[in-house]
Visitor: 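Provided herewith is a single structure, encoded as structure tokens, for subsequent inquiry.
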Protein chains: 2
Amino acid sequence: MGFTDAITALVPFSEDELNDILNHFKTKAVSKNEILVHEGEVCKYLYFIEQGMCRSYYLNENQKDITQWFFSNGKFMSSADSFFQKKPSLYYLEVLEDSVLYFISKDNLEILFAKYPKMEKLGRLVITEMLSNVVHKLNAIQFQTARERYDYMLAEFPDIAYQVSLGHIASYLGMAQETLSRIRNHDASH
Amino acid sequence: MGFTDAITALVPFSEDELNDILNHFKTKAVSKNEILVHEGEVCKYLYFIEQGMCRSYYLNENQKDITQWFFSNGKFMSSADSFFQKKPSLYYLEVLEDSVLYFISKDNLEILFAKYPKMEKLGRLVITEMLSNVVHKLNAIQFQTARERYDYMLAEFPDIAYQVSLGHIASYLGMAQETLSRIRNHDASH
DNA sequence: CTCACTTTTTGATATAAGTCAAAAATAAAT
DNA sequence: ATTTATTTTTGACTTATATCAAAAAGTGAG
């Protein structure tokens, strides 16, 4: 799903409005392993993944890298807290494969918010969607077995399983990577 | 923290604006065990807890009641997804002790959104805060031991520990209630 | 105050999943 | 192509926490 499709799916805009909105975004190609936002720095942009795959992660007390979220085609991505409140980000944003992104600064977004009330609604919808995704994952993590969590992921984000390394997925699902490996092989059926 | 204080802490409004906003809310006293929203019904209001304690919960596949979130003094509460998108709620909202609430309908909120651009900002901030709280809890749940999760709760929501039943807290923290009981007693001092 | 009901505690046991360590398989680099 | 590095798999062992069951403590109604 392209950028304009994704937007109009959430809030209907006219052709002219869409063009104006689009002009406040920039676009760029980014390569695998690029870090878009470092922990501790303010996340300056709201991104949209036109094509590709990224993730957010943090380092826990033992410096272990924990994947927090995957962002694939057609999704908005940001370190939301940091971006909206100009606070230091608690997370890294990393590019997992060569990708094409749209992005907009806070200032430009504010201009759009002021100009188009419908944009505020769009902003709220994007965050509400993030919230409901995170809540959904929390429910999955909180009371399900490792295998059920993996099944949840396959159902929710089928593409991730084939594009992302085992270790990233394991930490995302809150299990040891050995466990995920065994789930995938040993009892690959059911 | 009272209602007007909570609002002005997030976004500055004039005296007159505040009064107008307040007039779009209603207030009521609710009693312990009252269900404000049932699963499957659309959540019609955004609530503010002036005084008291509530929770959201759902029933899992085995009909076990799982607490999802606690809402105490000075917090906004809603089944956010349901309220903003008029979808059936996935959760129940329940009153845990006699409470005093402010609440506003979607229509009235839309009126305020249209009238005061700052209100849109308030809406976004409220949801962003919910998002960051949920993300924080997810991180706590995902890789911490039962005892660490309890400590997280004590640090984050100290009041809950003394007002809410053991079973509700245990399901909120994703552990068996026997486990929580043992944590509280046996090794109460680490 | 007593009886019924709910919640919490304690004990014994089972098990899912973590940890440690090393081998195998893939991918990247010279 | 070989070598070096990274990722995944496999095995043996440990442990935190769930489950089951029953006793104890607490709460509320009549």
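Residue numbers begin at 1 in each chain, while the letters A, B, ... track the order of the sequences. Any value given below was found using the heavy atoms of this structure, including those in side chains, with hydrogens, waters and symmetry copies removed.
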Visitor: Would you compute the distance between atom CZ of A/Arg124 and atom CZ of B/Phe113 and round it to the nearest 0.5 angstrom?
Guide: 4.0 Å

Visitor: Test: side-chain hydrogen bond (donor to acceptor under 3.5 Å, both in side chains). Region: residues 134-146 of chain A. Which pairs qualify, not counting sequence neighbours?
Guide: A/His136-A/Glu156, A/Asn139-B/Gln68, A/Asn139-B/Tyr91, A/Thr145-A/Glu148

Visitor: Out of C/dT8, D/dT17, C/dT19, which nucleotide sits closest to the side chain of B/Thr145?
Guide: D/dT17

Visitor: Return the 5'-most residue of the pair A/Gln177, B/Met175 with respect to DNA chain D, ranking by each residue's nearest nucleotide.
Guide: A/Gln177

Visitor: Can you tell whether the side chains of B/Glu110 and B/Lys106 come within less than 4.0 Å, N to carboxylate O?
Guide: yes

Visitor: Can you tell me the distance, in whole Å, between the CD1 atom of A/Ile183 and the C1' atom of C/dA16?
Guide: 10 Å

Visitor: Distance check needed: C/dA17 C1' versus A/Phe143 CZ, whole Å only.
Guide: 17 Å

Visitor: Between A/Gln142 (CD) and D/dA18 (P), how many Å, whole number?
Guide: 11 Å

Visitor: Give each protein N/O atom lying under 3.5 Å from an N/O atom of nucleotides 10-12 of chain C, with the pair distance.
Guide:
residue : atom : partner  : partner atom : Å
C/dG11  : N7   : B/Arg182 : NH1          : 2.9
C/dG11  : O6   : B/Arg182 : NH2          : 3.4

Visitor: Figure out the CG/C1' separation between A/Asp65 and D/dT6, and round it to whole Å.
Guide: 14 Å

Visitor: Applying the 4.5 Å side-chain criterion to the ILVMFWY set and letting contacts propagate, would A/Val100 and A/Phe3 be lumped into a single cluster?
Guide: no

Visitor: Is the backbone of A/Ser82 close enough, under 3.5 Å, to the side chain of A/Ser89 for a donor and an acceptor to pair up by distance?
Guide: no

Visitor: May I ask you to decide if the ring planes of A/Trp69 and A/Phe157 are parallel, tilted or perpendicular, using 30° and 60° as cut-offs?
Guide: perpendicular

Visitor: What does the B/S/- profile of nucleotides 24-30 of chain C look like, 5' to 3', with a 4.0 Å heavy-atom cutoff to protein?
Guide: -------

Visitor: Among the nucleotides C/dT19, D/dT8, D/dT17, which one has an atom lying closest to any side-chain atom of A/Ala176?
Guide: C/dT19

Visitor: Within the distance-only criterion (no hydrogens, no angle test), does the side chain of A/Lys118 pair as donor or acceptor with the backbone N or O of A/Pro12 below 3.5 angstrom?
Guide: yes

Visitor: Which word best sums up how the rings of A/Tyr92 and A/Tyr57 line up, parallel for under 30°, tilted for 30 to 60°, or perpendicular for over 60°?
Guide: parallel

Visitor: Tell me: CG of B/Asn60 to P of D/dA18, nearest whole Å?
Guide: 14 Å

Visitor: Rounded to the nearest Å, what distance is computed from the CZ atom of residue B/Arg149 to the P atom of nucleotide D/dA18?
Guide: 7 Å

Visitor: Atom CG of B/Leu180 and atom C1' of D/dA18: how far apart are they, to the nearest Å?
Guide: 14 Å

Visitor: Ignoring hydrogens and angles, tell me if any N or O in the side chain of A/Asn73 forms a donor-acceptor pair with the backbone of A/Gly52 under 3.5 Å.
Guide: yes

Visitor: To the nearest Å, give me how far apart CG (B/Asn62) and P (D/dA18) are.
Guide: 14 Å

